[in-house]
Structure formats: structure tokens, C-alpha cells
Amino acid sequence: MELTDTQKKFQESVREFCKQEVEPHAARIDQKGEFPHDVMDKVADFGLFGCVVPKEYGGLGVDTVSYAIAVEELSRVCGSTGITVAAHNSLGVMPFLLFGSQQQIEEYVPPLAKAKEGLSAFGLTEPEAGSDAGGTKTTGVRDGDDWIVNGNKCFITNAGVAKTLVITAKTDKIPGSRGISSFIVDKDTPGFIIGKKEDKMGLRGSDTRELAFENMRLSADKMLGKEGEGFKQFMIILDGGRVSIGAMALGLAQGAFDHCLRYARERELNNCPITGFQAIQWKLADMYTKIQCARHLIYHAARLEDAHRKFSTESAMAKLYASEIATEIAHDAIQVVGGRGYMEDMPLERIYRDVRLCEIGEGTSEIQRLVIARDLIKRVLD
Ligand code: COS
């Protein structure tokens with residue numbers, strides 16, 4: 001899994017940035033449970049909110065492997081920062097790049113790449129439409145050339161700090177996944193209500209909220225892509241998003257492993273570091289093997305995306321595996337460290353809470369298994 005020289009240099013620079021500007025704030029971000037504007041301003045200055053944005057629109061224009069590396073490195077030191085960057089790039093900006101008109105791209109993407117006026121968010125999930133994303137209840141009804149949108153969304157990452165959102169609404173009465181469309185919503189649109197910030201188990205610095213639309217009027221030019229194509233659009237967006245959530249899980253797992261290995265080297269029992277005991281050696285070996293497997297799956301899915309090849313199944317496998325092993329590794333890291341790992345003065349208990357979201361967000365593990373199995377069943381056997 002050799003990285004190119006450009007990817008390696010990018011990895012080194014992001015790693016150094018994370019060490020200097022993000023890691024020292026990670027415990028405070030978690031404890032305060034508030035969106036860390038100071039840290040996010042530095043992330044914006046470094047350009048990471050524009051990872052997926054081509055240079056011509058003011059972004060870094062890095063490839064998907066490098067983008068995954070950025071999310072991995074951020075999450076290795078701070079899960080809240082990792083998910084904020086991942087949601088902005090994959091869910092907030094990508095819909096414009098994939099489905100926006102030239103005019104929508106030129107208007108919305110450059111400020112989102114700079115992230116100085118606010119971030120972006122993706123309003124898909126609803127109280128009654130989670131895994132069953134086709135069950136969207138939010139409606140968009142035509143009124144002349146405009147659309148009147150009514151409904152609710154929940155668990156929306158970056159909602160309270162977003163300048164621009166993309167939301168989905170049912171614009172046709174056809175049952176099922178057809179008849180859903182995507183709309184661009186500017187945060188100050190009348191009828192757009194941002195709900196209370198959720199008090200979460202982990203990732204406590206990321207801003208997660210409910211949204212409500214009460215007779216929200218949107219002009220026809222706020223529709224993103226073609227009418228009725230919303231479901232397919234967000235399936236494609238989620239394919240990419242799952243690579244980034246996999247990368248986030250990988251970063252959290254690597255972070256847990258780093259702390260565990262450092263502790264195990266220093267902790268002595270009968271004048272011998274506990275790394276001298278096979279029970280610990282085997283655990284460390286298993287943990288690192290799983291981390292490297294996850295890394296291969298994630299970079300492979302990212303490379304397929306970069307090559308414009310089909311990667312839905314590979315991104316589902318990467319996300320499924322990385323998030324499940326990250327949960328195991330966060331658990332095992334605390335087991336190796338023991339009581340000290342359970343305390344707040346080590347980051348392991350924070351990682352243990354942060355990592356739990358990875359098996360839920362952007363499609364649960366069960367949904368990933370469904371996506372993988374459906375593809376396998378359709379395949380012609382060699
Ligand atoms: N890329 C492009 N098109 C896709 C696609 C993909 N990855 N996946 C599905 N589609 C298309 C299908 O080809 C089908 O097109 P046609 O209507 O032209 O035949 C259409 O979308 C409907 O697909 P399908 O029948 O598979 O939809 P289902 O209702 O059975 O749902 C699952 C499929 C369960 C996989 C989907 O609802 C899903 O991923 N749910 C999880 C949502 C999620 O991750 N939520 C968390 C959001 S956090 S932002």
C-alpha cells in the first residue's frame with residue numbers, strides 16, 4: 001500500500017499540523033462539548049475544509065486517498081474535528097461538485113472551500129427515515145416556479161455552523177425511493193429552523209442538530225440536480241462519505257493503538273515492561289494487523305473512486321470493517337492499559353465513546369452488509 005511521494009508529503013504535513021494545532025485541544029473540545037471555532041479556524045487556514053474541492057474553486061484539490069489520510073490524521077488526535085471535516089467535504093460540498101449546475105458550483109463551492117463564512121451540512125435523516133432513507137417524509141410542493149418545503153430532519157452534523165445545506169424532500173407522490181429531490185438551503189432562508197444541539201455520547205465537539213422547515217419557500221434554482229433524482233444522488237454521495245467515515249474510524253483506532261503501545265512500553269511489572277509478556281504481545285499484534293487491513297480497504301476504495309471506477313461495495317466494506325475493528329481496538333486498548341485507560345486523563349475513554357458513532361453514521365453496519373451482499377448476489381461467479 002505504497003503512497004506516492006505527494007501523498008506522503010501531504011500526510012506528513014497534516015500529521016504535523018494535527019500535532020501542533022489539534023491534539024493539544026482535543027480533551028478540552030470533548031469536555032466542553034462545544035464546537036471549537038478556534039481550532040476549526042486553523043483547520044480552515046490549513047485548507048482541509050477544501051480537500052475535495054478542485055484548485056480552480058479555491059480548494060486543495062487533493063486525491064481521495066489524500067483526503068482519507070487527512071480525515072484519518074485528524075481523527076487520530078480528535079474525533080470531533082475529524083467528523084466535522086469529513087461531513088463538510090463528503091456530504092456538504094460533494095453534492096455541489098457531483099450534481100450542481102456550473103452556476104451553483106461557482107456560487108457555493110469557493111466560499112465552502114475556504115470555510116470562513118460557515119460550513120456545509122447534508123440534511124437527509126429524519127425521525128422516521130434513517131436506514132430506510134427512501135421513507136423521507138419532508139415534502140416539497142410546487143407553488144408557481146417555487147417550492148414550498150415542510151418537514152423535519154434529525155442528527156444533522158454541522159447543522160448549527162453551516163452557511164449552506166443540501167436537504168432532501170419528497171417532490172412527487174410516487175411511493176418508495178423515487179420522487180425525492182435535493183435542494184440547496186441558505187441558513188437565513190425564512191421558514192428554516194435550526195433545532196437544539198444534541199448532547200452526544202461522543203464526538204462532543206461536533207455540532208449535531210435537528211432541522212425544521214415550516215413553509216420554507218425555495219426558488220426553482222435552489223433545486224440541486226434533476227427533479228426526482230434525490231435518492232440516487234444521495235446513494236452516490238454516501239458511497240464517498242463511507243470512505244471518509246472508514247478513515248475516521250481508522251484514525252480513532254490508530255490513536256487508541258498509539259496510546260496503548262506507548263503505555264505498554266513504559267509500564268513495568270517485576271522490572272519488565274509489560275510488552276515482554278506474550279498476552280500483551282499477541283493483543284498488540286492482533287490490533288495492528290486489523291488496523292493495517294482497514295487501511296488497505298480504505299485506500300483501495302479511495303483509489304477506485306480516484307480512478308472513476310465503481311466503488312460502492314468497496315466503500316461499504318471499508319466502512320464496515322474499519323468501524324467494527326475500531327470499536328474492538330478502543331476496547332482492547334483500555335484492556336491493555338487497565339484502570340489508567342478508564343480515567344479521563346488518558347484519551348482512551350474519549351476514543352471509546354467517539355468510535356461508537358462509526359458503526360451507525362452514514363449507514364449502520366447492517367446497511368453496509370446489505371449493500372455488500374446485494375452486490376455479491378448479483379455478481380456472475382468466475
Ligand atoms: N449508486 C447509484 N445508484 C444507486 C446506488 C448507488 N450506490 N444504490 C442504489 N442506487 C439506485 C438503484 O439502482 C435504484 O435505481 P432504480 O430505481 O433506477 O432501479 C435506486 O437507487 C433504489 O435502489 P434500491 O432499490 O437498492 O433502494 P432501497 O430502498 O432498497 O435501499 C439501501 C437501499 C437500504 C441500501 C439504502 O436505503 C441505504 O443505503 N440506506 C441507508 C441510508 C444511510 O446510510 N443513512 C445514513 C445517512 S447519514 S448522512
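Treat the numbers as computed from the prediction; the structure is a model and nothing was measured. Order of appearance sets the numbers: ligands from 1, and atoms from 1 within every ligand.
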Donor on one side chain, acceptor on other, [X] and [Y], under 3.5 Å:
| X | Y | answer |
| --- | --- | --- |
| Ser90 | Tyr67 | yes |
| Gln31 | Arg28 | no |
| Asp286 | Thr289 | no |

Tell me which protein heavy atom sits closest to [atom], plus the residue, atom name and distance to 0.1 Å.
| atom | answer |
| --- | --- |
| atom 25 (O) of ligand 1 | Arg374 NH1, 4.4 Å |
| atom 7 (N) of ligand 1 | Asp239 OD2, 2.9 Å |
| atom 29 (O) of ligand 1 | Phe231 CZ, 3.9 Å |
| atom 3 (N) of ligand 1 | Lys232 CG, 4.1 Å |
| atom 1 (N) of ligand 1 | Ile236 CG1, 3.6 Å |
| atom 35 (C) of ligand 1 | Val371 CG2, 3.9 Å |

Q.
Quick check: closest heavy atoms across Thr171 and Gly228, and the distance to 0.1 Å?
A. OG1-N, 4.3 Å
Q: Please report the closest heavy-atom contact between Gln104 and Gly100, naming both atoms and the distance.
A: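 Result for this residue pair: OE1-CA, 3.4 Å.
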Within the 4.0 Å heavy-atom shell around [X], which atoms of ligand 1 are there?
| X | value |
| --- | --- |
| Leu124 | 47 (C) |
| Ser177 | 22 (C) |
| Gly363 | 43 (C), 44 (O), 46 (C) |
| Met235 | 4 (C), 5 (C), 6 (C), 7 (N), 8 (N), 9 (C), 36 (C), 38 (C), 39 (O) |
| Gly130 | 42 (C), 45 (N) |

Q. Which is closest to atom 40 (N) of ligand 1 in terms of heavy atoms, Ser131, Ala133, Ala121?
A. Ser131
Main chain of [Y], side chain of [X]: is a donor-acceptor contact present, judged purely on distance under 3.5 Å?
| X | Y | result |
| --- | --- | --- |
| Asn89 | Val52 | yes |
| Asp172 | Ile174 | yes |
| Lys319 | Gly363 | yes |

(Q) Tell me whether Ser312 reaches ligand 1 (any heavy atom closer than 4.0 angstrom to a ligand atom). (A) yes
Q.
Taking a cutoff of less than 4.0 Å between a non-hydrogen atom of the residue and any ligand atom, is Gly361 in contact with ligand 1?
A. no
Is there a nitrogen or oxygen of [X] sitting under 3.5 Å from a nitrogen or oxygen of ligand 1?
| X | result |
| --- | --- |
| Asp132 | no |
| Arg178 | yes |
| Leu91 | no |

Under a 4.0 Å heavy-atom limit, does [X] contact ligand 1 with its side chain, its backbone, both, or neither?
| X | result |
| --- | --- |
| Thr125 | side chain |
| Thr364 | neither |
| Arg242 | side chain |

Among [options], which residue satisfies the side-chain hydrogen bond (donor to acceptor under 3.5 Å, both in side chains) criterion with [X]?
| X | options | answer |
| --- | --- | --- |
| Thr168 | Gln233, Glu126, Lys153 | Lys153 |
| Gln254 | Arg295, Glu73, Glu72 | Arg295 |
| Asn150 | Asn215, Thr139, Thr138 | Asn215 |

Q | Verify atom 15 (O) of ligand 1: protein non-hydrogen atom under 4.0 angstrom away | A | yes
Q: For atom 32 (C) of ligand 1, state whether the nearest protein heavy atom is under 4.0 Å away.
A: no
Q: Please work out which of the three classes, parallel, tilted or perpendicular, describes the rings of Phe192 and Phe213, given edges at 30° and 60°.
A: parallel
(Q) Is it the case that the ring center of Phe35 lies less than 6.0 angstrom away from the ring center of His37? (A)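 Aromatic pair counts; centres sit under 6.0 Å.
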